[in-house]
Amino acid sequence: MAKASVAPVPRHIAIVMDGNGRWARRRLLPRIAGHRQGVEALRACIRACAERGVQALTVFAFSSENWSRPDEEVRGLMQLMARALVREVPELRENRIRLRFVGERAGLSAKLQQGLAQAGSGTAAGTRLLLNVCFND
């Protein structure tokens with residue numbers, strides 16, 4: 001019997017988080033519901049990468065062009081990020097996942113900037129997976 005070949009695990013995976021609004025529209029939901037679903041999909045992806053031994057995961061979460069979206073949507077995205085930090089950082093720290101934010105922080109509220117800094121320093125000892133979150137680039 002022939003042995004099944006196993007594909008090597010990539011060292012680094014990059015994902016452009018796009019299509020959340022279209023996902024929501026197809027389901028007749030508000031756009032923010034699609035963004036919430038995107039966060040859930042990201043949680044599953046992070047977990048899978050950590051379990052499989054991927055060294056780094058980079059997600060492009062919020063581009064500079066996203067500032068031109070309706071104010072309500074931008075506010076919702078910023079609130080979603082703030083809530084995700086509060087909810088996810090303890091689990092990331094527990095699972096030895098280092099969180100690093102890449103991009104321009106100008107334009108973000110002082111509170112969100114502080115949350116990003118605390119999340120980065122609070123997970124700095126993580127060695128299992130490096131999670132790069134790129135935004136405002």
Side-chain angles (χ1 to χ4, degrees):
M1 184 180 287
K3 285 186 175 182
S5 64
V6 177
V9 174
R11 292 178 51 214
H12 189 166
I13 296 173
I15 298 171
V16 176
M17 297 176 67
D18 189 32
N20 296 326
R22 290 183 294 277
W23 180 93
R25 188 175 55 237
R26 283 194 307 267
R27 288 159 179 80
L28 304 175
L29 297 169
R31 290 180 63 84
I32 196 68
H35 298 304
R36 282 190 209 104
Q37 187 60 37
V39 170
E40 293 307 314
L42 179 58
R43 290 179 90 225
C45 185
I46 293 166
R47 190 175 303 116
C49 286
E51 289 171 358
R52 288 167 178 78
V54 173
Q55 294 174 11
L57 172 62
T58 298
V59 296
F60 296 87
F62 187 89
S63 71
S64 57
E65 290 82 23
N66 290 145
W67 289 110
S68 65
R69 292 179 182 218
D71 289 344
E72 181 180 345
E73 184 176 0
V74 172
R75 272 193 309 276
L77 286 166
M78 294 301 127
Q79 290 170 353
L80 187 59
M81 183 181 286
R83 282 194 304 266
L85 288 173
V86 170
R87 187 175 102 181
E88 305 299 333
V89 168
E91 185 175 338
L92 293 173
R93 187 173 31 248
E94 181 180 313
N95 287 299
R96 301 183 338 271
I97 297 171
R98 179 180 173 201
L99 184 56
R100 186 174 71 163
F101 295 95
V102 180
E104 179 58 49
R105 296 180 190 198
L108 301 178
S109 71
K111 185 175 181 179
L112 186 53
Q113 288 184 42
Q114 182 181 12
L116 297 177
Q118 289 174 342
S121 62
T123 61
T127 57
R128 186 175 182 197
L129 173 70
L130 170 59
L131 173 58
N132 296 302
V133 179
C134 300
F135 64 93
N136 211 18
D137 281 337

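Not measured: the values here are computed from a predicted model.
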Which atom names give the shortest non-hydrogen contact between [X] and [Y], and what distance separates them?
{"X": "Thr58", "Y": "Cys134", "result": "CG2-SG, 3.6 Å"}
{"X": "Ala24", "Y": "Gly34", "result": "CB-N, 3.6 Å"}
{"X": "Asn66", "Y": "Val74", "result": "O-CG2, 3.4 Å"}

Leu42 pairs by side-chain contact (heavy atoms from CB on, under 4.5 Å) with which of Val133, Val59, Ile15?
-> Val59
For the pair Leu108 and Phe62, evaluate side-chain contact (heavy atoms from CB on, under 4.5 Å) and give the outcome as yes or no after the intermediate values.
-> CA-CA 12 Å; Leu108 301 178; Phe62 187 89; 6.0 Å; no
For Arg100, what residues pass the side-chain contact (heavy atoms from CB on, under 4.5 Å) criterion, not counting sequence neighbours?
-> Arg98, Val102, Leu130, Asn132
Atom CD of Glu72 with >12 non-hydrogen neighbours under 6.0 angstrom = no
More than 12 heavy atoms from other groups under 6.0 Å of CZ on Arg52 = no
Report yes if some heavy atom in the side chain of [X] is under 4.5 Å from a heavy atom in the side chain of [Y]; otherwise report no.
{"X": "Asn95", "Y": "Leu129", "answer": "no"}
{"X": "Ile97", "Y": "Thr123", "answer": "no"}
{"X": "Arg47", "Y": "Glu91", "answer": "yes"}

Go through the steps for Leu85 and Phe101 under the test side-chain contact (heavy atoms from CB on, under 4.5 Å), then give the verdict.
-> CA-CA 12 Å; Leu85 288 173; Phe101 295 95; 3.6 Å; yes
For Arg69, the side-chain hydrogen bond (donor to acceptor under 3.5 Å, both in side chains) test, sequence neighbours excluded, returns Glu73
CG of Leu99 to CZ of Arg93, rounded to nearest 0.5 Å, is 10.5 Å
Looking at residues at least two apart in the chain, or sitting in another chain, which of them share a salt bridge (Lys or Arg N to Asp or Glu O under 4.0 Å) with Glu40?
-> Arg43, Arg87
Is Val39 linked to Leu112 within one hydrophobic cluster, defined over Ile, Leu, Val, Met, Phe, Trp and Tyr using a side-chain heavy-atom separation of less than 4.5 Å?
-> no
